[in-house]
Amino acid sequence: MTETAKTLPVLLAHFIIGLCASLLWTFVSPAPESLIEPFILNHRLYEAFLLFIRFFPALMISGILLGYALSFGKAAEDPHVRWSPRFLKYLKGAFLLFLGCVAFQVILDEGVAPSLESSLIQYRSRSDDYREFIHLGISAESSGDYDEGERAALSALQIWKKSSEAEKLLESIRYSRADTAGRIAEVASVPVKPLDLIPPGADSFGVLELLKKTEQALEERDYFAAHYYAMKAWSLASDTDPNKIAAMDYAAHAWNEIGEGSSRFIDSEEMSVYSDKLAGYAALQSGDALRAYYIFSELQERIKSIDGRIDTDVDRFLVISLNALAETHFFIDETENARPFESSRDVFFAMHHPDGSADYVFVRGITYLRSSGRDMAYLRGFELVRLEKDGSIRFHFETPYAKMFAARGMDGKERPQVLLRAVSRESEGVTWRPIVKKGSPSEAESAIQVLDMPYDDFALVVSANRGIRTMQLADIIRFINRSELYGFPKHELSIELISRLSEPFLLMILAVFALVLAWRYRLGQNSLFKAWWVIAVPLFPFACIYAVETVRYLARIVISHIVQVFPSQPIILILAVLFAGLFGVSALFFAQRTE
Amino acid sequence: MKNTLMLPIVFLAYLGLWIGVLALFSVLGNVLQMQLLLEGRYAFFLGEIIYQGLQLFPAASLVATATLFLYIMRHRVLVSVSIVLFVLFSTALVFWAIPASFTLLSEYAPARAELINSARIYSEKLPSSGVIHHSLGNRWIWFSDTPAGDLNSLAVVRNEKTAGDEVFSVYQTAAYVPGTRTILPDGEANPMHALVVDKSSFGGLRQPPFISALLSDVHLMSQTFYRLWYEDAYAYWLQTGVCFFFILSLFACTLWSSWRLLNAVCLFAVLRAFFILWRVVVYERKVNFFEEAVGNYLPEAYMYPLFLAVFALALHAVGIVFAVRRGVTSASERPLYD
């Protein structure tokens with residue numbers, strides 16, 4: 001049996017005992033006070049795994065040190081001279097073992113740890129949210145704002161489904177409301193509207209197809225549709241296109257028919273519906289999608305109430321107006337359940353523009369969502385400060401919520417488009433608009449903002465806000481050259497990147513050095529392992545934890561220094577030093593001998 | 001015999017090594033020194049290393065004496081000669097080398113104070129504009145700064161919101177107040193705390209807590225010895241003598257088992273425990289039961305070092321028992337592992 005094979009059980013025992021000790025430690029230590037019950041078990045488990053991942057290198061070094069020190073005891077019975085080929089044999093086996101361990105460590109560090117850490121953050125922030133919702137619910141109930149209180153209690157129940165505290169609060173609020181109103185409140189009155197109600201954007205018909213659609217609609221005497229398609233064809237056609245005149249002719253014809261339509265109705269209700277339909281259509285044509293939406297929405301309800309009838313014109317134009325509205329506004333109720341699912345908080349970054357001006361952006365919370373195949377995000381407490389070239393503040397505004405999605409620009413690149421205005425789904429006039437704190441943004445600037453950054457960079461900025469040390473290696477590599485545009489110093493990312501890349505080398509150097517120590521302090525040739533030594537064995541992992549942490553600390557200082565002194569190509573220099581270190585420590589192992 | 005004669009050289013090498021290691025870690029734990037190092041101001045850095053080396057000389061000499069046991073664990077040395085050498089090293093350190101380091105420290109102190117002042121003035125500069133800086137509880141960014149040190153378009157994110165404060169604030173102008181390391185935004189009554197030292201530059205370079213704890217203990221010990229030397233030389237000799245007596249008792253660790261690796265790890269563990277014990281017993285004087293038992297018979301200055309000496313005696317006794325069981329005689333050569 002080779003020395004490596006003899007070491008393997010000791011190494012595995014270290015990992016198993018290390019994992020068990022991590023679990024024991026997190027289950028014995030008190031959980032964070034703010035954490036709510038449903039998250040405690042997972043929080044403890046994830047913390048234990050993170051603890052294990054953190055101490056994995058130390059366990060590995062300790063396992064190598066102990067395992068090889070025991071196995072070298074027998075091997076050294078034969079005399080070994082310096083530079084003996086037998087040392088090469090030992091090192092070959094050891095290198096395979098070390099590489100396996102280091103690869104596993106990299107997987108744990110870069111693949112497992114970031115997701116565990118982000119889950120822990122989620123558990124803590126959702127626990128805080130739960131308490132905030134309960135507090136909000138209680139104060140809303142005492143101030144008589146039962147709708148707000150009920151919303152808060154239901155949000156708390158979304159986080160902790162079986163919370164007796166939230167259930168009691170909800171019940172109490174409903175009884176209080178019933179007492180006040182003289183009737184039992186309706187259950188689940190909080191609208192939980194699907195967030196994907198808004199259909200996708202405009203169609204992609206060409207001029208000829210639109211004219212065909214117009215002709216078809218005229219044949220079917222569907223004059224609203226005919227006018228709509230004709231106007232769309234007219235707006236799409238170029239000035240030299242003969243179809244532009246044809247489109248206008250069709251539109252005029254359809255409009256005349258629409259105008260005459262009202263005289264055909266005798267019933268006053270039908271006349272009223274027709275005239276409202278006309279008003280909605282006119283609003284849609286003039287670009288007032290918001291007004292059109294409310295008209296068609298009200299009309300649809302009204303028509304439905306007359307024997308459950310359906311008007312296809314109204315339904316179609318409601319969808320069209322919704323599509324148009326979704327380009328400039330979002331609905332307030334879309335954000336009602338967003339907060340408990342926020343994945344990031346207090347995101348802050350700058351955007352430096354090529355003309356010398358800059359924006360500061362601050363977002364209190366971000367909820368990501370995928371709806372109808374489209375990624376979007378709700379930005380709570382979105383604040384934007386625009387600075388002129390000379391540094392003066394052009395404007396500073398804040399919105400309770402903003403909605404962000406990717407919008408393709410003229411250059412074909414996707415940028416984050418932020419809708420700043422929200423409206424009520426039911427009541428016209430209830431709106432959220434940006435609150436201007438300084439300066440005076442234009443109407444367009446306070447309606448939609450297209451952030452001057454690639455859409456993918458937004459996620460990187462959010463990730464950097466959580467802390468550069470928690471960023472994934474791939475994200476650091478993607479972000480490093482653009483980080484300064486967003487206010488994140490490049491040298492910090494360089495230090496982090498190089499530290500991460502050098503970690504496996506450092507572990508290899510430490511592991512080979514442990515091999516040297518294992519040889520020098522191996523078990524005596526005539527000695528047997530005594531059972532009572534086991535009492536002192538736990539000292540080894542602790543000593544290795546100190547050693548690994550010290551080496552990491554010193555390495556980071558050296559890396560930081562090299563990055564500051566040689567900012568252009570620090571990585572080559574550092575890798576050269578690490579290779580030299582690995583070579584040196586391997587040579588040191590070959591230089592061992594039996595005393 | 002050759003290995004035995006190498007002991008003084010090895011001891012001097014270990015002494016140099018430990019002075020360097022303790023001084024380096026001590027300097028690296030200081031934010032100002034770290035900034036100077038990262039900016040390539042090596043003169044300040046080396047000047048501080050020398051000062052810290054002199055200051056930590058007593059603790060470093062104790063550690064060097066203890067680590068000499070590692071050498072005798074790996075090499076055959078004559079026990080009788082080794083014991084004599086160990087006693088000689090300890091005596092020379094207590095009566096000559098450590099007091100000499102104190103004299104050098106006193107002479108170097110004014111030059112060091114000047115160095116620190118100039119380093120502080122040098123560090124009194126604004127971190128760069130356009131990037132987010134982290135300070136205690138806040139994140140900062142400003143668009144540009146004027147030669148007078150005023151900040152243009154300052155934005156602040158408060159990590160911990162206090163009552164009445166907004167999380168995010170923007171100011172058209174703000175003044176940097178030199179000397180106090182604070183920023184006074186326009187319209188604010190009180191300056192905000194802001195570290196001038198750009199901590200974000202070395203985020204993640206925080207010293208591991210176990211190193212800080214060890215450094216804190218060795219600093220306490222060295223400073224106490226320094227104070228005692230100038231206040232009461234007898235008390236100094238007693239305290240340092242007891243400490244070296246304790247360190248010499250660590251030879252018991254070399255005989256702990258027939259596995260050198262286990263002995264080496266135990267040696268370091270006991271050495272670390274010694275510094276903790278010294279802090280708890282001699283510095284913090286948290287040994288009420290001992291005070292009650294012997295408080296009436298002994299003066300205070302002798303009581304606490306005596307407690308440590310009792311510990312050392314016990315370890316010496318354990319060492320002698322181990323040595324007798326292993327058949328170690330004064331004429332024999334160590335080690336007895338194979």
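Within every chain, numbering begins at 1; the chains are lettered A, B, ... in the order of the sequence lines, protein sequences first and strands thereafter. Reckoned from all heavy atoms, side chains included, excluding hydrogens, waters and symmetry mates. In this text, all values refer to a predicted model and were calculated from it rather than measured experimentally.
The main-chain N or O of Tyr521(A) is never found under 3.5 Å from a side-chain atom of Asn263(B) such that the two would form a donor-acceptor pair. A side-chain donor-acceptor contact under 3.5 Å links His352(A) to the backbone of Gly130(B). Between the Gln172(B) side chain and the Ile393(A) main chain, a donor and an acceptor come within less than 3.5 Å of each other. When atom types are taken as modelled, the side chain of Tyr360(A) and the backbone of Ser153(B) share a donor-acceptor pair closer than 3.5 angstrom. One N or O on the side chain of Lys438(A) and one on the backbone of Val170(B) form a donor-acceptor pair closer than 3.5 Å.
Annotation for Ile132(B) and Phe488(A): closest pair CD1-CZ, 4.1 Å, computed over non-hydrogen atoms. The two residues Trp533(A) and Ser257(B) make their nearest non-hydrogen contact at NE1-CB, 3.3 Å. Residues Arg260(B) and Arg522(A) share a closest heavy-atom pair of NH2-O, 4.1 Å.
We find the CZ-OG1 distance between Phe210(B) and Thr550(A) to be 3.5 Å, quoted to the nearest 0.5 Å. The CD atom of Gln207(B) lies 7.5 Å from the CD1 atom of Ile557(A); values are rounded to the nearest 0.5 Å. Distance CG/Leu554(A) to CZ/Phe25(B): 4.0 Å, rounded to 0.5 Å. Distance check, rounded to the nearest 0.5 Å: CZ of Arg272(B) to CZ of Phe542(A) gives 14.0 Å. Rounded to the nearest 0.5 Å, atoms CD1 (Ile141(B)) and CZ (Phe348(A)) are 5.5 Å apart. The CG atom of Leu66(A) lies 6.5 Å from the CG atom of Leu261(B); values are rounded to the nearest 0.5 Å.
Neither the backbone nor the side chain of Leu151(B) has a heavy atom closer than 4.5 Å to any heavy atom of chain A. No part of Arg345(A) comes within reach of chain B, as not one of its non-hydrogen atoms sits under 4.5 angstrom from that chain. Looking at Lys389(A), the atoms closer than 4.5 Å to chain B (heavy atoms on both sides) all sit in the backbone: N, CA, C or O. Residue Ser483(A): no heavy atom, backbone or side chain, is found under 4.5 Å from chain B. In this structure, chain A has heavy atoms under 4.5 Å from both the backbone and the side chain of Leu37(B). Contact annotation for Ala264(B): only side-chain heavy atoms (C-beta onward) come within less than 4.5 Å of a heavy atom of chain A.
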For Phe540(A) and Leu262(B): C-alpha separation, side-chain torsions, deciding distance, then whether side-chain contact (heavy atoms from CB on, under 4.5 Å) applies.
CA-CA 8 Å; Phe540(A) 286 89; Leu262(B) 196 67; 3.5 Å; yes

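Taking chain B as the reference chain and counting heavy-atom pairs below 4.5 Å, the highest number among Glu484(A), Glu398(A), Glu383(A) is found for Glu383(A). The choice from Ala358(A), Gly487(A), Ser499(A), Ala69(A) that makes the most heavy-atom pairs within less than 4.5 Å of chain B is Gly487(A).
In this pair, His561(A) and Tyr42(B) present their aromatic rings perpendicular. The plane angle is above 60°, beyond the 30 to 60° band. Ring geometry for Phe362(A) versus Phe168(B): interplanar angle under 30°, hence parallel rather than tilted (30 to 60°).
In Phe45(B), the CZ atom is crowded: over 12 heavy atoms of neighbouring residues, nucleotides or ligands sit closer than 6.0 Å. Within 6.0 Å of the NE2 atom in His353(A), the count of heavy atoms belonging to other residues, nucleotides or ligands exceeds 12.
Contact annotation: the side chain of Glu492(A) never approaches that of Val131(B) to less than 4.5 Å [non-hydrogen atoms, C-beta and beyond]. Using a 4.5 Å heavy-atom threshold, the side chains of Lys530(A) and Ser258(B) count as touching.
Checked against the 6.0 Å centroid criterion, the rings of Trp259(B) and Trp532(A) do not qualify as a close aromatic pair.
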